[in-house]
Amino acid sequence: MRITLPLNQDMTYQDEELGTVTVTVNPRARSIIMRPEVDGLRVTAFRGAPLSCVKSTVEKFRSSLLKKQAALKERPQLTTGDVARMRREAKALLPRRVAELAYLHGFHYEGLTIRDSKTRWGSCSGRNTISLSLYLMQVPEHLQDYVILHELCHTVHHNHSSQFWALMDKVTDGKAHALRTELHQYHTA
């Protein structure tokens, strides 16, 4: 029997090793996206995805999901007080730094928001509004600058083309890829 996942409604099931698996259907999704959590797994599936497809994808990546989940469990968990403190720090520090770097390198952006984004450090909309994660407060300043410059470069090139990376190298003194690699050692939440 084929069970199709419902739209606009989470479905959960228990997995002996991973814990609670929460499956959400996103009509814009084109694939199955899995995000390990400390006590479970969050899965985003495409519209019309059968539950059997989700379960077989989880099985296919089970060992790497378990490794990522174990790494999450080793990290110190943030309290609501920690997050509130980081939000205050981010709102006090990041807007000034974005303005400084934009002025220094001749970038123009429309606005800035600080969000509780746990999946990405920052983003830049098509209208050149920059959004930064408050979790940037957990990384060294030179990596905060890297993320800010990355988003500022997206105000010129809204993609990751060779022109984008050439601009990134220009504003980071040729260290764009090294800084990107260093940032991968850190996690948003």
Side-chain angles (χ1 to χ4, degrees), residues 1-91 93-94 112-125 129-140 143-144 146-148 150-151 154 159-160 179-189:
M1 181 177 165
R2 179 183 162 114
I3 300 172
T4 304
L5 300 168
L7 191 61
N8 300 325
Q9 183 180 344
D10 286 353
M11 181 187 157
T12 61
Y13 69 90
Q14 286 302 122
D15 183 279
E16 201 172 289
E17 294 178 299
L18 292 165
T20 302
V21 178
T22 305
V23 183
T24 305
V25 174
N26 182 332
R28 295 179 303 171
R30 295 184 189 156
S31 61
I32 294 175
I33 302 159
M34 298 173 290
R35 291 181 194 87
E37 296 176 336
V38 173
D39 56 353
L41 178 66
R42 182 158 295 277
V43 179
T44 303
F46 54 90
R47 185 190 312 230
L51 182 58
S52 60
C53 181
V54 169
K55 287 185 174 183
S56 67
T57 303
V58 169
E59 283 309 310
K60 182 178 178 181
F61 295 98
R62 178 172 293 278
S63 63
S64 66
L65 291 169
L66 287 168
K67 286 178 189 172
K68 288 177 184 177
Q69 193 178 54
L72 284 173
K73 289 177 182 177
E74 289 177 11
R75 278 194 236 152
Q77 298 303 304
L78 297 171
T79 66
T80 30
D82 294 332
V83 175
R85 177 189 48 76
M86 280 192 295
R87 185 181 308 278
R88 284 190 304 275
E89 289 176 8
K91 286 185 174 185
L93 237 126
L94 295 177
L112 173 69
T113 58
I114 307 296
R115 299 192 189 273
D116 185 9
S117 175
K118 294 179 178 140
T119 57
R120 55 181 58 189
W121 294 110
S123 63
C124 179
S125 75
T129 298
I130 293 174
S131 178
L132 297 174
S133 173
L134 63 90
Y135 297 102
L136 272 174
M137 302 316 296
Q138 295 181 308
V139 303
L143 293 177
Q144 290 174 11
Y146 166 79
V147 172
I148 292 167
H150 185 104
E151 301 314 329
H154 277 311
N159 54 42
H160 288 112
L179 290 166
R180 179 183 178 195
T181 301
E182 185 179 351
L183 185 64
H184 286 311
Q185 297 172 19
Y186 295 88
H187 306 278
T188 48

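No hydrogens, no waters, no symmetry mates; every other heavy atom, side chains included, goes into these values.
Summarising the geometry of Leu94 relative to Ile148, their closest heavy-atom pair is CD2-CD1, 4.2 Å, with the distance given to 0.1 Å. In terms of heavy-atom proximity, Phe46 sits nearest to Cys53 at CZ-SG, 4.5 Å. The nearest pair of heavy atoms linking Tyr146 to Arg180 is OH-CB, 3.3 Å. When all heavy atoms are compared, the tightest approach of Ser117 to Ser133 is O-OG, 2.8 Å. The two residues Val54 and Ala45 have their closest heavy-atom pair at CG2-CB, 4.1 Å. Contact detail for Asp15 and Leu18: the closest heavy-atom pair is OD1-N, 2.9 Å.
The residue from Arg28, Arg35, Met34 that alone fulfils the side chain to side chain contact (heavy atoms under 4.5 Å, CB included) condition with Thr44 is Arg35.
Within a 6.0 Å sphere centred on CZ of Arg120, heavy atoms belonging to other residues, nucleotides or ligands number 12 at most. Sparse packing is recorded around NZ of Lys60, with 12 or fewer heavy atoms of other residues, nucleotides or ligands lying under 6.0 Å away. The neighbour count for Arg87 CZ, taken as heavy atoms of other residues, nucleotides or ligands under 6.0 Å away, is above 12.
If you take CG on Leu93 and CG on Leu136, they are separated by 11.0 Å, rounding to the nearest 0.5 Å. Atom-to-atom distance recorded for Tyr135:OH and Asp116:CG is 4.0 Å, nearest 0.5 angstrom. In this structure, CD in Gln69 is found 12.0 Å from CD in Glu74, a value given to the nearest 0.5 Å. Between Asn26 atom CG and Arg30 atom CZ the span is 11.0 Å, to the nearest 0.5 Å. The distance from atom OG1 of Thr57 to atom CZ of Arg62, rounded to the nearest 0.5 Å, is 12.0 Å. With values rounded to the nearest 0.5 angstrom, Ile33 atom CD1 is found 9.5 Å from Thr119 atom OG1.
Side chains of Thr20 and Gln14: a donor-acceptor N/O pair is present below 3.5 angstrom, by distance only. No hydrogens or angles considered: a donor-acceptor pair under 3.5 Å links the side chains of Ser131 and Thr113. There is a side-chain donor-acceptor pair under 3.5 Å between Asp10 and Thr24.
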After noting the C-alpha distance and the side-chain angles of Leu78 and Met86, does the key distance pass the side-chain contact (heavy atoms from CB on, under 4.5 Å) rule? CA-CA 10 Å; Leu78 297 171; Met86 280 192 295; 3.6 Å; yes
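Contact check for Trp121 versus Leu132: no side-chain heavy atoms found under the 4.5 Å cut-off. Side-chain atoms of Val21 and Met11, non-hydrogen and from C-beta on, never get closer than 4.5 Å to each other. Between Thr22 and Leu41 there is no side-chain heavy-atom pair separated by less than 4.5 Å.
Between the side chain of Gln144 and the backbone N or O of Val139 there is at least one donor-acceptor pair closer than 3.5 Å. Using a distance-only test at 3.5 Å, with no hydrogens or angles considered, no donor-acceptor pair links the side chain of Thr129 to the main chain of Ser125.
For Arg88, the side-chain contact (heavy atoms from CB on, under 4.5 Å) partners two or more places apart in sequence, or in a different chain, are Ala84, Arg85. Residues meeting the side-chain contact (heavy atoms from CB on, under 4.5 Å) test with Lys55, sequence neighbours left out: Tyr13, Leu51. Here Glu37 pairs with Asp39, Arg42 under the side-chain contact (heavy atoms from CB on, under 4.5 Å) rule; sequence neighbours left out.
Ring-plane geometry between His160 and His150 is classed as tilted, the angle between the planes lying from 30 to 60 degrees on a 0 to 90 degree scale.
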